[in-house]
Amino acid sequence: RLRTLAFDKTGTLTRGLPVVTDVFPLNGVSGDELLRLAAAVESRSGHPLARAILQRAEGLPPLAEPVQEVTLIGGQGVTARLNGNTVRIGIRRMFAGDGLLTSTVEAQAADLESAGKTVMLVQSGDQLIGLLAVADQPRPAAQGVIARLHALGVRDTVMLTGDNARVAAAVSDAVGVSACQANLLPADKVTAVRALLDQHEH
């Protein structure tokens with residue numbers, strides 16, 4: 001009788017153990033400086049992407065200055081104050097309309113996302129200082145589980161994720177779900193599940 005199953009992506013269909021794969025500093029900042037600043041801010045977050053940044057920054061000397069006023073922006077990133085500057089780390093949606101995303105940065109981010117990587121932008125003060133690309137891997141058993149569910153008669157398997165459409169497509173293709181919905185904030189996932197219930201309850 002079960003017609004539809006919805007899955008979250010990170011930690012369910014994927015391992016939930018993302019790693020930083022690429023570090024692209026900008027505007028005269030070194031790769032180590034970028035990682036040190038990002039790690040200092042993300043140390044206050046328990047998100048899997050934050051853990052990936054902290055892991056990549058292991059062994060680097062911590063910043064001497066304390067990070068203050070750390071605020072988590074659900075489904076997008078984190079903001080903080082450091083040395084009087086506002087620091088922001090997050091996905092591209094967080095920076096939409098700010099005028100910071102040049103065509104070069106957009107193109108680089110798109111290339112990384114097409115490879116299934118999540119791109120985190122880092123801003124300090126009034127400029128972008130770098131991009132960090134993070135990748136998670138599908139669970140080895142995920143494809144087989146999805147195939148078995150379809151064989152048992154589950155018609156629709158839907159992946160829900162806050163990631164962008166390119167990353168979502170790469171993961172959904174790898175595990176074989178029948179549909180995916182991307183760019184969802186936490187509240188959007190609740191709305192998506194309710195819509196699926198309304199669609200399939202009869």
Side-chain heavy atoms nearer than 4.5 Å, only ILVMFWY residues, links allowed to pass through others: does that put L82 and L72 together? yes

Nearest heavy-atom approach of V177 to M159 is CG2-CB, 4.1 Å

Tightest non-hydrogen contact, residues P18 and A52, listed as O-CB, 3.2 Å

Donor-acceptor check, side chain of R3 to backbone of G153, threshold 3.5 angstrom: yes or no? no

The reported gap from CG in L121 to CZ in F24 (rounded to nearest 0.5 angstrom) is 12.0 Å

| Looking at side-chain heavy atoms only, is the closest gap between L132 and L49 below 4.5 Å? | no

Full working for side-chain contact (heavy atoms from CB on, under 4.5 Å) between T4 and V154: CA-CA 6 Å; T4 301; V154 176; 5.7 Å; no

d(I73 CD1, T71 OG1) to nearest 0.5 Å is 6.0 Å

Has the side chain of N164 got a donor or acceptor atom that lies under 3.5 Å from a matching backbone atom of R166?
yes

Q | hydrophobic_cluster_shared for M120 and L100, side chain cutoff 4.5 Å | A | no

key: Heavy-atom side-chain proximity of K117 to D22 below 4.5 angstrom   = yes

CG of L2 to CG of L152, rounded to nearest 0.5 Å, is 10.0 Å

Discussion item. Under a 3.5 Å cutoff, is there a donor and acceptor pairing between the side chains of T86 and R81?
Written reply: yes

Practice task
Check for a donor-acceptor pair, side chain of D188 on one end and backbone N or O of L185 on the other, with a separation under 3.5 Å.
Solution key: yes

May I have the list of side-chain donor-acceptor pairs in residues 31-41 shorter than 3.5 Å, sequence neighbours left out?
unit_1, atom_1, unit_2, atom_2, d
E33, OE1, S30, N, 2.9
E33, OE1, S30, OG, 3.2
R36, NE, P61, O, 2.6
R36, NH2, P62, O, 3.2

query: Taking the side chain from D136 and the backbone from G16, do they hold a donor-acceptor pair closer than 3.5 Å?
result: yes

Heavy-atom check, side chain of L26 versus side chain of I129, under 4.5 Å: no

Item to check | Side chain proximity check, L17 to P48, heavy atoms < 4.5 angstrom | outcome: no

Q.
If you define the side chain from C-beta out and look only at heavy atoms, does anything of V105 sit under 4.5 Å from L128?
A. yes

CG of L13 to SG of C180, rounded to nearest 0.5 Å, is 10.5 Å

Review point. Does one hydrophobic cluster hold both V78 and V134, with members joined at side-chain heavy-atom distances below 4.5 Å?
Key: yes

To the nearest 0.5 Å, atom CD1 of I53 lies from atom CZ of R51 at 11.5 Å

Q: Indicate if V67 and M94 have the same hydrophobic cluster label, given that clusters are the connected sets of ILVMFWY residues with side-chain heavy-atom separations under 4.5 angstrom.
A: no

- Message: Can you confirm whether E113 sits close enough to T118 that some side-chain heavy atom of one is under 4.5 Å from a side-chain heavy atom of the other?
- Response: no

Closest non-hydrogen atoms of I89 and E42, given as atom of the first, atom of the second and distance, are CG2-OE2, 3.5 Å

Would you call K189 and D8 a salt bridge, using N to O less than 4.0 angstrom?
-> yes

For G176 and I146, the nearest pair of non-hydrogen atoms, with its separation, is O-CG2, 3.4 Å

In terms of heavy-atom contacts, P25 and V23 come closest through CD-O, 3.5 Å

*Mark yes or no for whether T12, through its side chain, and K9, through its backbone, hold a donor-acceptor pair below 3.5 Å.*
no

- request: Look only at the side chain of Q137 and the backbone of R139, and say whether a donor-acceptor pair between them is shorter than 3.5 Å.
  value: no

Report task. Determine yes or no for a side-chain-to-main-chain donor-acceptor pair under 3.5 angstrom, with R93 supplying the side chain and N183 the backbone. Result -> yes

Note to self: What I'd like to find out is whether the side chain of L184 reaches to under 4.5 Å of the side chain of T161, using heavy atoms alone.
What the structure shows: no

query: Is V87 reachable from L54 through a run of hydrophobic residues whose side-chain heavy atoms are each under 4.5 Å from the next?
result: no

### Query
Do the side chains of V19 and Q55 get nearer than 4.5 Å, heavy atoms only?
yes

Quiz item: Is a side-chain N or O of S178 found less than 3.5 angstrom from the main chain of T157, in a donor-acceptor match?
Solution: yes

(message) Using the rule given for side-chain contact (heavy atoms from CB on, under 4.5 Å), can you reason through V122 versus L131, listing the C-alpha separation, both sets of side-chain angles and the distance that settles it, and then say yes or no?
(response) CA-CA 6 Å; V122 184; L131 290 77; over 6 Å; no

Candidate pair Q181 and V158, rule side-chain contact (heavy atoms from CB on, under 4.5 Å), full reasoning: CA-CA 7 Å; Q181 296 184 36; V158 184; 4.1 Å; yes

Problem set entry | Carboxylate-amine/guanidinium proximity below 4.0 Å for E106 and R92 | yes

Applied to residues 140-157, the salt bridge (Lys or Arg N to Asp or Glu O under 4.0 Å) test, sequence neighbours excluded, yields none

On a heavy-atom basis, the closest approach of G116 and A170 is CA-CB, 3.9 Å

Apart from V190 itself, members of its ILVMFWY cluster (side-chain separation under 4.5 Å) are none

Here the gap from T191 atom OG1 to R194 atom CZ, rounded to the nearest 0.5 Å, amounts to 6.5 Å

